[in-house]
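No experiment lies behind these values; they were computed from the predicted model shown. In the text below, chain A, chain B and the rest are named by the order of the sequence lines, each starting its count at 1.
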Amino acid sequence: MSACTRDEWMTVAAARLLANDSVCFVGIGLPSAACNLARLTHAPEIVLIYESGTIGTRPDVLPLSIGDGELAETAACVVPLPEIFSFYLQAGRVDVGFLGAAQIDRFGNLNSTVIGPYELPSTRLPGAGGAPEIALHARQVFVMARATPRSFVEQLDFRSSAGYLDGHGARARTGAPGGGPRAVITDFGMLAPHPESEELQLVALFEGVTVDEARAAIGWPLLVADRLDTIAPPSAHELDTLRALNTRTREAHARPVHIPL
Amino acid sequence: MSACTRDEWMTVAAARLLANDSVCFVGIGLPSAACNLARLTHAPEIVLIYESGTIGTRPDVLPLSIGDGELAETAACVVPLPEIFSFYLQAGRVDVGFLGAAQIDRFGNLNSTVIGPYELPSTRLPGAGGAPEIALHARQVFVMARATPRSFVEQLDFRSSAGYLDGHGARARTGAPGGGPRAVITDFGMLAPHPESEELQLVALFEGVTVDEARAAIGWPLLVADRLDTIAPPSAHELDTLRALNTRTREAHARPVHIPL
Amino acid sequence: MSCQHLQLAEAIELFVHDGASVALEGFTHLIPFAAGHEIIRQRKRDLHLIRMTPDLIYDQLIGMGCARILTFSWGGNPGVGSLHRLRDAVEHGWPRPLEIDEHSHAGMAAAFTAGASRLPFGVLRGYIGTDLPAHNPNIRRVACPFTGEALAAVPALNPDVTILHAQRADRAGNVAIDGIVGAAREAALAAKMLIVTVEEIVDALPPAMNAIVLPHWTVGAVVHCRGGAYPSYAQGHYARDNAFYQRWDAIARDRQRFLDWMDHHVLGTRDHRAFLASLQTEATA
Amino acid sequence: MSCQHLQLAEAIELFVHDGASVALEGFTHLIPFAAGHEIIRQRKRDLHLIRMTPDLIYDQLIGMGCARILTFSWGGNPGVGSLHRLRDAVEHGWPRPLEIDEHSHAGMAAAFTAGASRLPFGVLRGYIGTDLPAHNPNIRRVACPFTGEALAAVPALNPDVTILHAQRADRAGNVAIDGIVGAAREAALAAKMLIVTVEEIVDALPPAMNAIVLPHWTVGAVVHCRGGAYPSYAQGHYARDNAFYQRWDAIARDRQRFLDWMDHHVLGTRDHRAFLASLQTEATA
């Protein structure tokens, strides 16, 4: 295996979490790469849903936007977006929802709305989009985020979507149907909620990464699980498949587009 | 013009009420014949919706059921039934709704549910189907019913759909969006609501029919409007078109169906 | 959930239990007659039958004593008249009393849509000025939290089992439906278990894009059953047998004639193919 | 309502008034850029802009000072990053303050669906555990009248004008859409006035059956406008210009560069054809 980037390792680590019979609600970026990598390796039958309304899509190249034509052309079907959110997500038909965020706290709550006060933010972020209800309804949520103390924070500026709220069963007491953030895949390894407190703790490290490196990247005092696993580097097959996918994607998106004059 | 039946005359009288730019919610039987006759004569652009989800349908022969394949094949589009009731009917997009009923009272309220008490009826009728909301939302409702004192009654056994309730603005006070039963086409002529009391009164008679014949057919003391119109018999063109439609329909439905063995 | 390919008898045996709520949907088009007959053959009891337009197949299920409750909005023989077995059950409790949960089409459509969305209730501007709410505790009011307007509310319908008939499925169990769908899609997605009988099973469905497809992972079982909607129809495969609907009026009018007919054509036949053959024989006799 | 065939400038002039609520929908696909540019050329003001995913065209409308309020659920440059003009309006009130009515996708989808159904509110199981309801009085609770469960409610969205781009219309004004639709159909049917720009006008639409069609009598005006979604895309006609979306990041980052660009390419061009030509010239320069 050649040396891989941390993004590649994160993508591979996330892909490995996906089962062949999973129904995944996919976001753009690393989650989309992870889901399609899973589909192209160990999970050929995985069902990918993008919120644009494309169900069971099998893109040959990664989409740049959530609504690329490639997603529609390779989908089992394309339905209006309100049906995606009511008949599929809210109906409890999604096994895995992928989310990212600008900020995440120790209970897996996410902020993608504002930095600073809501009414007069220092940074207005794009907003929650599909996240609040993905976080609510997916059987499990996987968060993918590169870790820095500015993004893994003690206190969110705004809670855009719910993780475990204040932990200790607070989420379940709201009646939230889904299981919440079961895994946070970062660029050093993985966090997962403690079974009782529901605080995110370190459960796995990329091979060769130290606990100290992980702690330095997290803005709260990071706890380490009783059992700490090691995440093996990408296999040659995983890495070849991912890189071929990324190469196809770059080539496809580099093709000049004809202005429709 | 050759002699016509009362059913034919009713159909023609109803068809004449329909404008070329109307959107009609059509029921099976006489309303379906009337709407398609209008389309084949003076209203070629009339939009016909059947509750099965067929929009802008232009059947060559009359459907026997509300969901005949002919309706789908000749439709501008076919949508799921919930959309017909929410995005079209409830949204106020229907100009004319056609209804029939087992019983109608002097305020145009309709019963298609039971004869006798609801819990132990002497006759269980098919039920309201689409009628309660057609009656509520269509800009105007046309009722087509052959009149007898058993069907045009002093007191309904059950109110399946609302006409003018107790009259004198009672319907409008409920917030019902549509205009209610603007015309009741019977086999002797037409009733319409009095502008203030909203009681159905005789407004037009088929040519040659007497007020006494009308009164005998109605189970309440029928009032006669200040202005009483005459409904001319079907023209040769109307009758030829209707009969050709009915002939095509009979022939089509008489074709033996192959059991799909 | 993963989709299984089963024989019809297996699917009914596995998934339709006595006392279950069962929706056989399809609006005039694609009514799953074969599946209904199999339910009768297996003598299921105490079913809560759900269907916007109880058709001949529900008349048969009711007349054979399979049903305890009926949720519906229009119970007639389309284009012909009454469903005599339904009437007999309501008017005379024969062969057993039938509880009624009666709605309008718009109300049932809202209830199925709420069910497919896993919301506890559906909202409509409906039932105003009608006597239905007074006789059905499942029709209530809800106030708009913005305008204060009172609207009608109905509880979501989530059948234990929904059964549809469709034109085709692929080997993975993706189901494609063409033509009139009624509330079939909503009833399918509202169900805890979905069984679909299909005219044909193909290697690959026709290009879909915006067509109506039930993804394989929403489908519990697919059953290959040619002619499974007859005497209803399957767009592109065979036409509705209107003459049968007319003949049914006389058959169902009389209890004994009904029982004899069911005995001969349904209980006396092994499967849907044999049922169709028995009608064929009768037609050519 | 009867559908008119108009030029784009006429349609905007006739139907988009200062202060109106306007939804330009299309989800990544079929975004009506040409119509948005025409609104900018006509210097409309105080608009209530509505859109699930404010895209570059809303960044431009906001940066040019056309908007007073924005109803939205995700305001970014898809696959690239921020909408800098939207940020500048929210963070610094430039060129004017922008009021925000912020939802989740599911909330806006429910609001458009309620609007299309002419219900006053939409219901969803949503927003639980988020700070959005605390900052938006348009997110309330409603209790299920059967189970007592508290659910989220949002007021219906009924834009004064919805503008879509689609592949084709026929001469009567029936509009056919292929591919990803997002909430375009619901936004269209929720509108008081619907304008659709199309790639082509044909004598007869392709066979529809269960395809997505907006019937002509739901359409107020049809405008023939080739390339009207560029730099978004029209499935079957042209691809999304991802490079333009990436270039936009640098253009929109700087107020003056943004103004210069708008001046040159939008205000300085007569119509969409001229806009496209100005980009073409730049590309080949």
Exercise for review: Determine the option with the most heavy-atom pairs under 4.5 angstrom with chain A, choosing from D:Ala134, D:Ala229, D:Ala239, D:Ala106.
Suggested key: D:Ala106
Practice item. With a 4.5 Å cut-off on heavy-atom pairs, point out which of A:Leu89, A:Val78, A:Leu136, A:Leu165 contacts chain D the most. Key: A:Leu136
Check your understanding: What are the two closest heavy atoms between D:Ala183 and A:Leu81, and how far apart are they?
Key -> N-CB, 4.1 Å
Practice item. Heavy atoms only: give me the nearest D:Val90-A:Pro121 pair and the separation to one decimal. Key: CG1-CG, 3.9 Å
Practice item. Indicate the atoms forming the closest heavy-atom contact of D:Leu132 with A:Pro132, along with that distance. Key: CD1-CG, 4.4 Å
Study note, to complete from the structure: Applying a strict 4.5 Å limit to non-hydrogen atoms, the region of D:Phe244 in contact with chain A is neither
**Study point:** Structural part of D:Ala243 lying under 4.5 Å from a heavy atom of chain A
**Key:** neither
Study note, to complete from the structure: Heavy atoms of D:Gly227 and A:Pro260 approach each other most closely as CA-CG, 3.7 Å
Exercise for review: Look at A:Leu64, A:Leu261, A:Leu71 and state which one has the largest set of heavy-atom pairs under 4.5 Å with chain D.
Suggested key: A:Leu261
Review point. Given the options A:Pro80, A:Ala131, A:Ala254, A:Ala170, which has more heavy-atom pairs under 4.5 Å with chain D than any of the others?
Key: A:Pro80
Please list every donor-acceptor pair closer than 3.5 Å that links chain D with chain A, giving the two atom names and the distance for each.
from: D:Ser73; atom 1: O; to: A:Gly129; atom 2: N; distance (Å): 2.8
from: D:Gly75; atom 1: N; to: A:Pro126; atom 2: O; distance (Å): 2.7
from: D:Glu91; atom 1: OE2; to: A:Arg124; atom 2: N; distance (Å): 2.6
from: D:Glu102; atom 1: OE1; to: A:Tyr118; atom 2: OH; distance (Å): 2.5
from: D:Glu102; atom 1: OE1; to: A:Arg124; atom 2: NH1; distance (Å): 2.8
from: D:Glu102; atom 1: OE1; to: A:Arg124; atom 2: NH2; distance (Å): 3.3
from: D:Glu102; atom 1: OE2; to: A:Arg124; atom 2: NH2; distance (Å): 2.6
from: D:Ser104; atom 1: OG; to: A:Glu133; atom 2: OE1; distance (Å): 2.8
from: D:Ser104; atom 1: OG; to: A:Glu133; atom 2: OE2; distance (Å): 3.2
from: D:His105; atom 1: N; to: A:Gly129; atom 2: O; distance (Å): 2.8
from: D:His105; atom 1: NE2; to: A:Glu51; atom 2: OE2; distance (Å): 3.1
from: D:Arg125; atom 1: N; to: A:Gln90; atom 2: OE1; distance (Å): 2.7
from: D:Arg125; atom 1: O; to: A:His137; atom 2: NE2; distance (Å): 2.8
from: D:Tyr127; atom 1: N; to: A:Glu133; atom 2: OE2; distance (Å): 3.0
from: D:Gly129; atom 1: O; to: A:Arg159; atom 2: NE; distance (Å): 2.6
from: D:Gly129; atom 1: O; to: A:Arg159; atom 2: NH2; distance (Å): 3.3
from: D:Asp131; atom 1: N; to: A:Arg159; atom 2: O; distance (Å): 2.8
from: D:Asp131; atom 1: OD2; to: A:Arg159; atom 2: N; distance (Å): 2.7
from: D:Gly182; atom 1: O; to: A:Leu81; atom 2: N; distance (Å): 3.0
from: D:Tyr233; atom 1: OH; to: A:Gly67; atom 2: O; distance (Å): 2.5
from: D:Tyr233; atom 1: OH; to: A:Gly69; atom 2: N; distance (Å): 3.0
from: D:Gln235; atom 1: NE2; to: A:Glu73; atom 2: OE2; distance (Å): 2.6
from: D:Asn242; atom 1: ND2; to: A:His253; atom 2: ND1; distance (Å): 3.3

Revision key, fill the gap. When the 4.5 angstrom heavy-atom criterion is applied to D:Met52 and chain A, the contacting part is side chain
Practice item. Among the options D:Leu83, D:Ile212, D:Leu124, D:Val80, pick out the one with the most heavy-atom pairs lying under 4.5 Å from chain A. Key: D:Leu124
Study note, to complete from the structure: Closest non-hydrogen atoms of A:Pro126 and D:Gly81, given as atom of the first, atom of the second and distance, are CG-O, 4.4 Å
Check your understanding: Where on A:Leu120 is there a heavy atom nearer than 4.5 Å to chain D: the side chain, the backbone, both, or neither?
Key -> side chain
Exercise for review: Check D:Phe27 against A:Ile66 and note the closest heavy-atom contact, atom names and distance.
Suggested key: CE2-CG2, 3.3 Å
**Study point:** A:Pro63 versus chain D, the contacting section by heavy-atom distance below 4.5 Å
**Key:** neither
Check your understanding: Excluding sequence neighbours, so at least two apart, what forms side chain to side chain contact (heavy atoms under 4.5 Å, CB included) with D:Ala188?
Key -> D:Leu164, D:Leu194, D:Leu214
Check your understanding: Pick from A:Ala75, A:Gly175, A:Gly69, A:Ala72: which one has the most heavy-atom pairs with chain D under 4.5 Å?
Key -> A:Gly69
